[in-house]
Amino acid sequence: MRTPLRPLTRILLARQRGENPDLIERENLDRRHEVLREKTQVRASARLGLLALAFGCAYVTIGVRMGHLAASVPVEPVASARGAEIVAQRADIVDREGRILATNMTTHALYAHPKDMVDPKGTAKKLAEIFPDLDAAALERRFTDGRSFVWVRKVLSPEQMQLVHEIGDPGLLFGPREMRLYPNGTLAAHVLGGYSFGAEGVHSAEVIGTAGIEKAMDARLRDPAEGGEPLQLSLDLSVQATVEEVLAGGIGMMNAKGGTAILMDVHTGEVLAMASAPTFDPNDRPSPLVDKNAEPADSPLFNRGVQGVYELGSTFKIFAVAQAMELGLVNPNTMVDANAPMTWGKHKIKEFENHNYGPLLSVSDVIAKSSNVGTAHIALMIGPLRQQAFLKSLGFFEPTPLELIEAPGAKPLIPKRWPEIVTITTSYGHGMSASPMHLAAAYTAIANGGIYIKPTLLKQTGPAKGVRVMSEKVAAESRKMLRRVVTDGTASYGEVEGYEVAGKTGTADKPKRSGGYYKDKVINTFASMFPASAPRYVLIVTLDEPVNTLGATPRRTAGWTAVPVAAEMIRRVAPLLGLRPKVEPANQATLTAAKN
């Protein structure tokens, strides 16, 4: 019970004595505060004691652990809990026939415990002899500066491992691990990309993708839920090898700086082959260029098929014609103004080598003769807004949705403003830049009957769904015009007996980094499809700065450079694709009877 501050008995006695009763209340209040103060001090002292005890225990524990670590031999920790180990397994990558493109190989890492080494100086010297990229003096410093653990080599070949064994120093140790192996060397290097190590220890290392499809599909390749199921690509190993071989030979013959080739199935959007040159070996991926003055395309890591954004020249002309036919503005026989040069404001539109195909040309002849002026007049009929909408439907305003980590960054270069002069120049492939992969997808829409299909590097199980961008009739008429380019026009060297090639050449002046264009450097492209009567494949070949010097005078147009290279590719890959040549029936009048 609480003691009252003004007890009645004391109050009455104080009044009888003539004392002040308030003093009694003040005295009792002081006494109560004193009791509370004593209780609070006891509680605070207990808490401070417990806190000091906790800190003391923590310091003792840390001190004991530090002493234990200082006295123990340094070793790599080994995970004991299930699921705590580094996941090193990575799924294989195979082509459409199941042939290995990338797989894993068990190897070893080399590390050292310098305190256990008998002869650090001699060991460093012998290791430098085995691994020429190591510096003996630097290695010796690392062995003798007091370190407990030193990485020497993350990956060893069996031969190198044996040579290290023969050194015989107990301070050199090996740890098993997996590495990525590309058994075909440079084949499909720009598609595969490459790998590196993520989290790593001496007993295992995490293999991660660094570029190409290895990086883009990294989560899929490392997903344990996939059960190690290989990632199957749309590439055909045999076709890819042939395309790369012909491209490399064509670049050398045409004195080109580089080039790319893309082969696509028109019904599924599958990329059966994609080559870029110069190339590299993903087993020994080179370092990126560090020279600020160098062009990105100077690096062998640069994928010209996806990252190369170029003005694709006259290959764009068929899009203007196809759209005009779709809108009902023209038909193949419509006569259009082709009188050159054409003046538009302060600009003059000229033909190649100042030809004049006018005064009039049929729409079909505009494509066959590759008339800039005729195409410009057709584009003006369409107008800027409708032209932009059609090119957007063909995928030219966005990066290609390809399964490569480099694809999203390769955005087409689109003019900020779109006046009528841009409509004119864009119609024949100048002033707007896109990648050869963009062009392949757009030509696929013409080849398959008017449906735009997104390109893919993954094997498909059947025809892909797409978006219709033109009618079947317009697509068929466009194919006939492209066939005429080969039979009667600028791509005569593209004819491959038995395979009805159709296509369009494109020669574009190469832009300077400082502005303007080179007069003697071009980007040449041949966009083709075969067989023209019922296309199954689209092939794009682009060469950087080619010059055909086989004749009396150097020639730089696509008809003399990219077209012969594409024709040789078709001649060699068509049988690999299962296409039988179409044999023309012999003329009866030329037959001669013979008797055995």
Side-chain angles (χ1 to χ4, degrees), residues 312-344 348-383 387 390 423-430 439 442-443 445-447 450 470-471 473-495 500-508 524-533 535 555 557-560 562-563 566-567:
L312 295 168
S314 297
T315 58
F316 265 46
K317 289 176 179 174
I318 193 64
F319 303 138
V321 168
Q323 185 180 13
M325 290 193 295
E326 184 70 21
L327 295 171
L329 301 174
V330 298
N331 62 53
N333 299 316
T334 302
M335 303 302 291
V336 297
D337 186 354
N339 201 27
M342 170 187 175
T343 301
W344 190 263
K348 277 193 175 182
I349 313 303
K350 300 179 181 179
E351 303 287 10
F352 176 66
E353 293 184 342
N354 293 319
H355 286 298
N356 186 357
Y357 301 113
L360 297 174
L361 273 181
S362 69
V363 170
S364 181
D365 283 335
V366 167
I367 296 298
K369 295 181 181 295
S370 196
S371 170
N372 293 338
V373 174
T375 308
H377 283 291
I378 294 172
L380 289 173
M381 297 181 197
I382 297 169
Q387 183 187 46
F390 186 66
T423 298
I424 291 173
T425 58
T426 300
S427 70
Y428 52 81
H430 288 265
L439 191 65
Y443 265 70
I446 297 174
M470 67 185 77
S471 66
K473 181 180 179 182
V474 168
E477 293 291 352
S478 299
R479 292 195 297 269
K480 290 179 182 178
M481 295 182 197
L482 293 175
R483 175 60 179 156
R484 278 200 62 205
V485 175
V486 176
T487 58
D488 306 320
T490 58
S492 58
Y493 286 112
E495 186 68 281
E500 291 183 307
V501 179
K504 184 72 189 74
T505 56
T507 302
N524 285 353
T525 303
F526 183 48
S528 61
M529 58 189 70
F530 60 97
S533 55
R555 299 178 185 271
T557 59
W560 288 91
V563 171

request  = Assess whether side chain to side chain donor-acceptor pair (under 3.5 Å) is satisfied between Ser370 and Thr490, documenting all intermediate values.
outcome  = CA-CA 7 Å; Ser370 196; Thr490 58; 5.3 Å; no
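Side-chain contact between His377 and Val366 is absent, with no heavy atoms from C-beta onward closer than 4.5 Å.
Take Glu351 and apply the side chain to side chain donor-acceptor pair (under 3.5 Å) test, not counting sequence neighbours, and it matches Ser371. Every residue two or more places apart in sequence or in another chain that forms a salt bridge (Lys or Arg N to Asp or Glu O under 4.0 Å) with Asp365 is listed here: Arg484. Listed by chain and number, the residues in a side-chain contact (heavy atoms from CB on, under 4.5 Å) with Ala447 are Val266, Met529, Pro535, Val538 (sequence neighbours excluded). With sequence neighbours left out, the side chain to side chain donor-acceptor pair (under 3.5 Å) criterion links Arg479 to no other residue.
Taking the six-membered ring where the residue is Trp, Tyr443 and Phe319 present perpendicular rings, their angle passing 60° and hence far from 30°.
Legend: salt bridge (charged side-chain N to carboxylate O under 4.0 Å, His left out) pairs involving residues 317-327, not counting sequence neighbours: none detected. Listed by first and then second residue, the salt bridge (charged side-chain N to carboxylate O under 4.0 Å, His left out) pairs involving residues 366-376 amount to none (not counting sequence neighbours).
The line from OG1 of Thr375 to CD1 of Ile378 is 5.5 Å long, rounded to the nearest 0.5 Å. Here the OG atom belonging to Ser492 is positioned 7.5 Å from the CH2 atom belonging to Trp560, to the nearest 0.5 angstrom.
Using a distance-only test at 3.5 Å, with no hydrogens or angles considered, a donor-acceptor pair links the side chain of Thr507 to the main chain of Ala558. Of the possible polar contacts, one joining the Asn372 side chain to the Lys350 backbone as a donor-acceptor pair under 3.5 Å is found.
Screening Val363, Leu361, Val321 against Thr334 for a side chain to side chain contact (heavy atoms under 4.5 Å, CB included) leaves a single residue, Val363.
For CZ of Phe390, the number of neighbouring non-hydrogen atoms (other residues, nucleotides, ligands) closer than 6.0 Å is greater than 12.
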